[in-house]
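Worksheet: one structure, shown below.
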Amino acid sequence: MLIEILGRENYASQVASFMQSHGIHKVIGFSGGADDRLQGVPEDDDLQLKYVAFRKTFHERLISDALKLLRGYRVAILTGGTEGGIPELATRKAKEYGFKTIGVFPRKGKKYALGSSLLDFSICVDPMIGEARWGDEGATWTSLIDGMIVIGGSAGTLTECAHIQKINESLIKNNETPKYIVAIYGTGGIAEQLPHLWAKPTIRNVCMPMNRIYTGREASQFLIEKLALDDYFDPRIQTTQQNTGESI
């Protein structure tokens, strides 16, 4: 299903209907770069090719380890829904393991959007004002997630994290569950810098891990505990998901 949000169109009911029809209670987002390259090194240079291959394998392992632990929980996986990098890797792995997938992307990125074989629910966001640009989707993306795992990332990921921190100020003030952010260290980019970027300490300490997280499994364990996902565990889903992907 592809929903195109035009201006201030209300899409909340369609999202709610999708989640209800599939028994989804929480949404876990994966955020990170879509084009990791060594700066100043030619695209066809052997060093660049080896670096790109290594990063893909490394990121794929992190994502796989995170998703394996989330099997059996009534969650959907949200990504940028476009080709390349973390958005595509996370979407492909989520489908491989039997999760429902949601993609949110701007009209600028529609031509790069993954197809219906990988995305169960797609949202194409138009700008409120002016021309369509990358980043238009940020507010919609952050409004949908309950928790997010950050792998690398640059300006787009930084914008999402900053927006979530601002949203959390209101959520925490009203004693509501915040949106959790888990950065995986060793992946570079924004994931390395998040703890050092300015945010109110009282907010950051509630929605981010106090200790460094290095693996996908640790990231998912943090979200399982903070979002009380054990309340949404269904072993029947776990069996189905294991049958669609590799065994744990």
Side-chain angles (χ1 to χ4, degrees), residues 28-71 73 75-99 101-103 105 109 112 114 118-119 134 141 145 147-161 164 180-197 208-224 241-242 244-248:
I28 305 299
F30 281 82
S31 183
D35 186 24
D36 289 322
R37 296 287 190 277
L38 288 173
Q39 297 301 312
V41 180
E43 292 291 314
D44 59 351
D45 189 289
D46 188 54
L47 178 62
Q48 184 74 272
L49 297 174
K50 289 180 178 179
Y51 176 79
V52 171
F54 163 74
R55 297 295 288 181
K56 180 179 179 181
T57 301
F58 179 38
H59 291 164
E60 190 170 25
R61 177 175 296 183
L62 292 173
I63 293 167
S64 293
D65 288 346
L67 291 173
K68 286 176 184 178
L69 196 62
L70 290 172
R71 281 173 168 168
Y73 295 98
V75 301
I77 303 303
L78 172 68
T79 72
T82 51
E83 298 172 353
I86 299 302
E88 182 172 355
L89 278 176
T91 304
R92 287 187 179 279
K93 277 297 173 184
K95 287 303 293 181
E96 180 181 331
Y97 294 144
F99 291 92
T101 55
I102 303 172
F105 45 85
Y112 304 108
L114 301 172
L118 292 174
L119 291 173
W134 290 101
W141 200 98
I145 65 104
M148 67 183 290
I149 296 175
V150 179
I151 300 174
S154 54
T157 299
L158 175 59
T159 301
E160 293 164 358
C161 291
I164 289 172
Y180 293 98
I181 304 172
V182 188
I184 299 184
Y185 284 86
T187 58
I190 297 305
E192 303 292 326
Q193 301 300 322
L194 273 180
H196 307 294
L197 297 174
M208 295 176 61
M210 296 296 291
N211 300 317
R212 292 190 175 190
I213 299 294
Y214 290 95
T215 69
R217 186 177 181 85
E218 290 176 313
S220 286
Q221 188 60 55
F222 176 84
L223 293 176
I224 289 170
Q241 290 172 338
Q242 286 176 346
T244 61
E246 61 190 60
S247 60
I248 296 178

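Residue indices begin at 1 and follow the sequence shown.
For Ser154, there are no side-chain hydrogen bond (donor to acceptor under 3.5 Å, both in side chains) partners two or more places apart in sequence or in a different chain. Annotation: side-chain hydrogen bond (donor to acceptor under 3.5 Å, both in side chains) contacts of Ser31 (sequence neighbours excluded): Thr157, Glu160. With sequence neighbours left out, Tyr51 forms a ring pair (Phe, Tyr, Trp, His ring centres under 6.0 Å) with no residue at all. Every salt bridge (Lys or Arg N to Asp or Glu O under 4.0 Å) that Glu88 has, sequence neighbours left out, goes to Arg92. Qualifying side-chain hydrogen bond (donor to acceptor under 3.5 Å, both in side chains) partners for Asp46, counting only residues two or more places apart in sequence or in other chains: Lys50. Applying the ring pair (Phe, Tyr, Trp, His ring centres under 6.0 Å) criterion to Phe58, with sequence neighbours excluded, gives Phe54.
Between the side chain of Glu218 and the main chain of Ile213, no donor-acceptor pair closer than 3.5 Å is present. A donor-acceptor pair under 3.5 Å links the side-chain atoms of Glu192 to the main chain of Gly188, judged by distance alone. At distances below 3.5 Å, not a single donor-acceptor pair connects side-chain atoms of Arg217 with backbone N or O atoms of Lys68.
Between Thr101 and Leu118, the closest side-chain pair of non-hydrogen atoms is not below 4.5 Å. Under the 4.5 Å side-chain criterion, counting only non-hydrogen atoms from C-beta, Ile102 is not in contact with Leu119. With a 4.5 Å cut-off on side-chain heavy atoms, Met208 and Tyr180 do not count as touching.
When all heavy atoms are compared, the tightest approach of Pro42 to Gln48 is O-CB, 3.3 Å. In plain terms, the two heavy atoms of Ala191 and Tyr185 that are nearest each other are O-CE2, 4.4 Å. Closest heavy-atom contact between Gly32 and Pro87: O-CD, 4.0 Å. The minimum heavy-atom distance between Ser220 and Ala66, with the atom names listed, is OG-O, 2.7 Å. Between Met148 and Cys161 the shortest heavy-atom distance is CE-SG, 4.0 Å.
When each of Val150, Asp65, Ile63, Ile151 is tested with Ile184 by the rule side chain to side chain contact (heavy atoms under 4.5 Å, CB included), just one qualifies, namely Ile151. Shown are Ile28, Ile164, Ile181; of these, the side chain to side chain contact (heavy atoms under 4.5 Å, CB included) with Ile145 is made only by Ile164.
Rounded to the nearest 0.5 angstrom, Thr79 OG1 and Trp141 CH2 are separated by 8.5 Å. In this structure, the separation between CZ on Phe99 and CG on Leu78 is 13.5 Å, given to the nearest 0.5 Å. Distance check: Leu223 CG to Ile149 CD1 gives 5.5 Å after rounding to the nearest 0.5 Å. Within the model, atoms OG1 of Thr82 and CZ of Phe105 stand 8.5 Å from one another, a figure rounded to the nearest 0.5 Å. The CG atom of Leu89 sits 6.0 Å away from the NZ atom of Lys56 when rounded to the nearest 0.5 Å.
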Inset, instruction - Take Leu49 and Asp44, measure what side chain to side chain contact (heavy atoms under 4.5 Å, CB included) needs, and give me the verdict at the end. - result: CA-CA 7 Å; Leu49 297 174; Asp44 59 351; 5.5 Å; no
